[in-house]
Amino acid sequence: QVRVVESGGRLVQAGASLRLSCVVSGRTFSDLTLGWCRQTPLKEREFVASISWSGGSTDYLDSVKSRFTISRDNTKNTVFLEMHSLKPEDTGVYYCAASVSSHPPRDLVEYDHWGQGTRVTVSS
């Protein structure tokens with residue numbers, strides 16, 4: 001059984017930085033492509049970033065491309081989301097997801113396993 005557990009969300013002020021972590025267990029980590037998605041108060045759950053199994057290929061939502069960085073450590077079964085210059089509109093619940101797809105997915109339906117989410121609140 002695949003288990004996905006996020007951590008690191010908290011209340012921060014606008015302009016701050018934050019790093020989210022996600023540990024995936026129950027499957028060979030390096031076989032998985034991984035992604036971060038978020039649920040904001042005004043939008044449906046949306047894609048934020050994804051990373052290939054090797055870490056060599058990444059993809060980002062346009063609005064976060066210059067501020068967020070996704071990375072992974074295959075020795076620790078962990079994927080990270082570094083977030084800088086946070087804005088109030090980044091507020092939401094951030095979900096980590098794992099996919100068996102060969103490419104880093106943007107479409108949420110391609111993710112097979114989801115965590116419970118970690119809440120990020122950015123105050124103005």
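Cation-pi geometry between Arg106 and Tyr60 is not satisfied (NZ or CZ under 6.0 Å from the ring centre, within 45° of the ring normal).
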#### Entry: Derivation of the side-chain contact (heavy atoms from CB on, under 4.5 Å) call for Gln116 and Val5
CA-CA 7 Å; Gln116 293 299 306; Val5 181; over 6 Å; no
### Task
Could you check Trp36 against Ile70 for side-chain contact (heavy atoms from CB on, under 4.5 Å), going step by step and ending with a plain yes or no?
CA-CA 8 Å; Trp36 287 94; Ile70 188 171; 3.6 Å; yes
### Query
Run the side-chain contact (heavy atoms from CB on, under 4.5 Å) check on Thr40 and Val93 step by step: do they pass?
CA-CA 7 Å; Thr40 64; Val93 178; over 6 Å; no
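A donor-acceptor distance shorter than 3.5 angstrom exists from the side chain of Thr78 to the backbone of Lys76, with no hydrogens or angles considered. Listed for the Thr118 side chain is no donor-acceptor partner under 3.5 Å among the backbone atoms of Tyr94. With Thr33 contributing its side chain and Ser52 its backbone, the two residues share no donor-acceptor pair below 3.5 Å. In this structure, Glu6 contributes its side chain and Cys96 its backbone to a donor-acceptor pair below 3.5 Å. With hydrogens and angles disregarded, no donor-acceptor distance shorter than 3.5 Å links the side chain of Asp59 to the backbone of Ile51. Panel note: side chain Arg72, backbone Phe29; a donor-acceptor pair is recorded below 3.5 Å. No donor-acceptor pair closer than 3.5 Å links the side chain of Ser101 to the backbone N or O of Pro105. Thr121 contributes no side-chain N or O that, together with a main-chain N or O of Leu11, makes up a donor-acceptor pair within less than 3.5 Å.
Note that CG of Leu86 is 6.0 Å distant from CG of Leu18, once rounded to the nearest 0.5 Å. His113 contributes atom NE2, which lies 6.0 Å from atom CZ of Arg27 (distance to the nearest 0.5 angstrom).
Looking only at side-chain heavy atoms (C-beta outward), Val2 and Val24 come within less than 4.5 Å of each other. Two residues are said to be in side-chain contact when any heavy atoms from C-beta on lie closer than 4.5 Å; Leu108 and Phe47 meet this criterion. Considering only heavy atoms from C-beta on, Val48 comes within 4.5 Å of Phe68 through its side chain.
Residues passing the salt bridge (charged side-chain N to carboxylate O under 4.0 Å, His left out) test with Asp90 are Arg38, Arg67, sequence neighbours excluded. Every residue two or more places apart in sequence or in another chain was checked for a salt bridge (charged side-chain N to carboxylate O under 4.0 Å, His left out) with Arg45, and none qualifies.
Considering all non-hydrogen atoms of both residues, Pro88 and Ser124 come closest at CG-CB, 3.8 Å. Smallest separation of non-hydrogen atoms from Tyr111 and Ala49: OH-O, 4.4 Å.
By the rule that hydrophobic residues join a cluster once side-chain heavy atoms approach within less than 4.5 Å of another member, Leu61 and Val79 end up as members of one cluster.
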